[in-house]
Number of protein chains: 2
Amino acid sequence: MSIKLAILGLLSWKPSTGYDLKKMIEDSSFMHWSGNNNQIYKSLVQLLEDGWVTHEVQHQESSPSKKIYTITDKGLAELRNWVDSSPELPELKKGFLTQLAWADQLNSKELDDLLSRYEAEISLHLALQEEKKRRSLYVPNRTEREACLWEMIAENIISSYRNELLWVQQLRQKLV
Amino acid sequence: MSIKLAILGLLSWKPSTGYDLKKMIEDSSFMHWSGNNNQIYKSLVQLLEDGWVTHEVQHQESSPSKKIYTITDKGLAELRNWVDSSPELPELKKGFLTQLAWADQLNSKELDDLLSRYEAEISLHLALQEEKKRRSLYVPNRTEREACLWEMIAENIISSYRNELLWVQQLRQKLV
DNA sequence: GGTGTCATGTAAACAGTTACATGATTTT
DNA sequence: AAAATCATGTAACTGTTTACATGACACC
């Protein structure tokens, strides 16, 4: 799963500059790339070379000129092709589990403290995700079904953190 | 969260060779590194330089000589220090969500097919994780509490996939 | 006068994967 | 005869992050 396909997706929604894409990717909960310049501007050059996008330079007074990228038919076909390809399993990287794996050297209080700090972080992040969902900037809403899909995508992330929260609370209970 | 700390943890359980570590990391559900040679053998060299481990070369007839790595007091202190450090948020990379985000261009049947393929993959992987938990190779069991922690770590992974499965089933229902 | 937004890009470093390389023994 | 296990390591590549670099304008 390459960031190029996320960019292609966003451009299939609306023509954008690298700067726009950066903001959309950074704001997104499910596009898991950091959205740093290096990745985005390099990808755009590659997408141009592939012929999946075109760009138009727009000069502006009083702010830097920008390149507005638009998806081509070839790019749309590629996107469609990819959307229908075999789904990947999620990659769950939970560093905390590795930390917890060797936590038996802590005493009861230290261990519970550690778990409570994790609980607090998850709890905070969950609230943040819920807030983000309420705000929902940058959400395409072209059909009812698309709105439903995006709603459920946001719900997926939230339910993951809710699940994590329940788990840590259960564990703390068990260890009392 | 570096693989070095996972290795240090494993060595705090028992002295091992790079080869052993590779197997343990590959088999683990929660140590999310692939366990490729490059990473492991390079990390071991660094851990030696740091003074966190020592090694003893054991020559063998009829198989290559091996280096048995043992954690030092300095390494143990470092591990303990790290285990008690502030927990990181999980990193959830779900490529499928990005795929689904642009799936409104598929017709109902294609979309349901896609979701059913994802459901099947998750379902299979969930069974695999449950089987892995039953098998539980390479699980330290030095205290009751440690056993409980490892049990809950395995449960964490399983519940994540169970949650994902429920989510996709719900979505399919919604789209009927 | 400092910070934030708009807008592009590059350089260096680090992390991670795949594939290559060797070589003996054991199992199928 | 082929494949798997034991055991070490390297080379090349891809992906990702952090930091640097520029420059005008707007807001506090």
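So that the names make sense, note that chain A is the first sequence line, chain B the second, and so on, each numbered from 1. It should be emphasised that the depicted structure is a prediction, and the values quoted were computed from it without experimental measurement. We use all heavy atoms of the structure for the numbers below, so side chains are in, but hydrogens, waters and symmetry mates are not.
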Of the listed nucleotides C:dA7, C:dG9, D:dC6, the one nearest the side chain of A:Thr17:
C:dA7

Just compare D:dC6, C:dT8, D:dG9 and give me whichever is closest to any side-chain atom of A:Lys66.
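Nearest listed nucleotide: C:dT8.
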
5'-most by nearest nucleotide on DNA chain D - B:Asp20 or B:Lys93
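Its nearest nucleotide being more 5', the pick is B:Asp20.
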
Nucleotide [N], atom [atom2] - distance to [atom1] of [X] in whole Å:
X       : N      : atom1 : atom2 : answer
A:Leu21 : C:dA7  : CG    : C1'   : 13 Å
B:Ile40 : C:dA15 : CD1   : P     : 15 Å
A:Leu44 : C:dT10 : CG    : P     : 12 Å
A:Glu91 : D:dG15 : CD    : C1'   : 12 Å
A:Glu26 : D:dT18 : CD    : P     : 11 Å
B:Tyr19 : C:dT25 : OH    : P     : 16 Å
B:Gln58 : D:dT8  : CD    : P     : 11 Å
A:Trp33 : C:dG16 : CH2   : P     : 18 Å

Looking at [N], I'd like to know if its phosphate oxygens (OP1 or OP2) sit under 4.0 Å from a side-chain N or O belonging to [X].
X       : N      : value
A:Gln39 : D:dT17 : yes
A:Ser34 : D:dT16 : no
B:Ser65 : D:dA7  : no
B:Tyr41 : D:dG9  : no

Does the plane of the ring in A:Tyr118 sit parallel, tilted or perpendicular to the ring in A:Phe96? Use 30° and 60° as the thresholds.
parallel

With no angle test and no hydrogens, is the base of C:dT8 tied to the side chain of A:Asn37 by a donor-acceptor pair under 3.5 Å?
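A donor-acceptor contact between them is present.
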
Ignoring hydrogens and angles, answer whether the base of C:dG16 and the side-chain atoms of B:Asn36 contain a donor-acceptor pair closer than 3.5 Å.
no

Quick one: label [X] by what it contacts on the DNA or RNA (base, sugar-phosphate, nothing), any heavy atom closer than 4.0 Å.
X       : answer
B:Lys42 : nothing
B:Ser2  : nothing
A:Lys22 : nothing

Within the structure provided, determine whether A:Glu119 and A:Leu165 are in side-chain contact (heavy-atom separation under 4.5 Å).
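Yes, side chains in contact.
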
How long is the straight-line distance from CG of A:Leu126 back to CG of A:Asn163, given to the nearest 0.5 Å?
11.0 Å

Is the A:Tyr138 to A:Trp150 ring centre distance short of 6.0 Å?
no

Give a yes or no answer on whether the side chain of B:Thr72 reaches the backbone of B:Trp52 with a donor-acceptor pair at less than 3.5 Å.
yes

